[in-house]
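See below for the structure under consideration.
Every chain is numbered from 1, with letters handed out A, B, ... down the list of sequences.
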There are 2 protein chains.
Amino acid sequence: MARTQGSHSETTGPRIRAAAETLFARHGYAAVSMRQIAGAVGLQAGALYNYTPDKQSLLVDLMQRHMEALMGAWAQEVQGDTALAALEAFARFHIRFNLARRDAVFIAYNELRNLEPEGFAQIEALRNAYEGELAGILTAGREAGLFQLEEPRVTTRAVIALLNGVLTWYRDDGRLSLEEVESLHWQMVRRLVGV
Amino acid sequence: MARTQGSHSETTGPRIRAAAETLFARHGYAAVSMRQIAGAVGLQAGALYNYTPDKQSLLVDLMQRHMEALMGAWAQEVQGDTALAALEAFARFHIRFNLARRDAVFIAYNELRNLEPEGFAQIEALRNAYEGELAGILTAGREAGLFQLEEPRVTTRAVIALLNGVLTWYRDDGRLSLEEVESLHWQMVRRLVGV
DNA sequence: GTCTATAAGGAGATAGAC
DNA sequence: GTCTATCTCCTTATAGAC
């Protein structure tokens, strides 16, 4: 407790990122001003520049942290020993993880166009790595004779798109529970890949 | 040929909309200025206000025209007499129509958050009507014993999401032709709904 | 680390000449 | 119908006091 009450440097960074994430997701990166972000955290705009060199870096930082959290969490997931078990694990993980971080996901998918080339390349590489995880499962399942896929790359993207659809309509207080939504989508994915 | 060369009122309206559509899709509504739009058409910013009362109306106008073109085109589509034929028609139509108008589709899905309440309600109603077309096909197919669906509403959204996925990666000069992409997705939808 | 003040520029929209 | 000029406001980012 040596720190004085006025010094918040260890918490304001995360609070700034949290506020920016919410605001960017709701209104879009371009539509949100540094003043709005500062206001949400109880700061003046100038103070933000103690935490980020500029607005663009704030966006890149959010996306990078999200993609790395996604990859890290998937790496720790129990994946089973068959392609079928791995696919179920992926489908359920993707829905669960992304629904818990909708703002970050929304930003990662919709603000890529507002990234300058270097940031864009970084984020795209991380996304390709994640899609590659699913692609690996699908091709393994095809080689094992479990799945029926005409075009693994197309199927990979189709499965991701299908799962991401949930993010646009699911509500925590809605008719269906998370577990039900997971299971419904797993059944659809299962049929889609021709099990 | 009675018109003078300097008078372009019949064509500048469409040209403004076309330029706005391209720019909004590429950079986002909030990031595009009226000056940019005017510049793309060869006008000064002030002249735009002969064609739209404000920037927001330009966005609503684009979305409305797109959704109405979508509904109108689907109404004219030959839909077959079984739910299976109707579903194939819908899947192929959705991919073909939307791929031909990617900018408009992109705007319709990503700029809803930049709409004021009245505009938002209008566009959402049109979208719900379109989704209702697919929902009708799916429930008809289920009642006929053709499809296996746990939750028609969830399946409807899943199919739309799956088909929309194409819009994010398809390239006219890519490896797969439009017809191939249509067929691949139709096969996936077919399996997804448990035919 | 945060503040106030400010620089430098771009935004949406309007007025009035032509 | 388009232009130039302008109003008013907001933007990102920085400088320097505390």
Rounded to whole Å, how long is the line connecting atom NZ of B:Lys55 with atom P of C:dG10? 15 Å
Closest listed nucleotide, where the reference is the side chain of B:Tyr49 and the choices are C:dG1, C:dG12, D:dG1: C:dG12
Just the table, please: protein N/O against nucleotides 3-9 of chain C N/O, every pair under 3.5 Å.
residue: C:dC3; atom: OP2; partner: A:Gln44; partner atom: N; Å: 2.7

State plainly whether the residues B:Glu179 and B:Arg92 are in salt-bridge range, i.e. N to O under 4.0 Å. yes
Nearest-0.5 Å distance that lies between atom OG1 in B:Thr52 and atom CG in B:Leu58: 5.0 Å
When clusters are formed by joining ILVMFWY residues with side-chain heavy atoms under 4.5 Å apart, either directly or through shared neighbours, do A:Leu70 and A:Leu162 land in the same one? yes
Measure CZ/B:Arg15 against C1'/D:dG1 and give the value in whole Å, please. 14 Å
B:Met34 has an atom CE; how far is it from atom C1' of C:dG10, in whole Å? 14 Å
A:Glu150/B:Arg190 ion pair, N-O < 4.0 Å: no
Please check the phosphate of D:dT11 (OP1 and OP2 only) for any side-chain N or O of A:Ser33 closer than 4.0 Å. yes
Take the protein atom CG of A:Leu48 and the nucleotide atom P of D:dT11, then report the distance between them rounded to whole Å. 13 Å
How far does CG of A:Leu134 sit from CZ of A:Phe93, to the nearest 0.5 angstrom? 12.0 Å
Would you list the pairs meeting side chain to side chain donor-acceptor pair (under 3.5 Å) in which at least one residue belongs to residues 102-111 of chain A, sequence neighbours left out? A:Tyr109-A:Asn164, A:Glu111-A:Asn114, A:Glu111-B:Arg113
When you match A:Pro53 and A:Gln36 each to their closest nucleotide on DNA chain D, which lands nearer the 5' end? A:Gln36
Any idea which of C:dA13, D:dA13, C:dG1 is nearest the B:Asp54 side chain? C:dA13
So what does B:Val32 touch, heavy atoms closer than 4.0 Å: a base, only the sugar-phosphate, or nothing? sugar-phosphate
Does the pair A:Glu151/B:Arg175 count as a salt bridge with the N-to-O cut at 4.0 Å? yes
Nearest whole Å is fine: how far is C:dG12 C1' from B:Leu23 CG? 16 Å
Could you state the CD1-C1' distance from B:Ile37 to C:dG10, rounded to the nearest angstrom? 15 Å
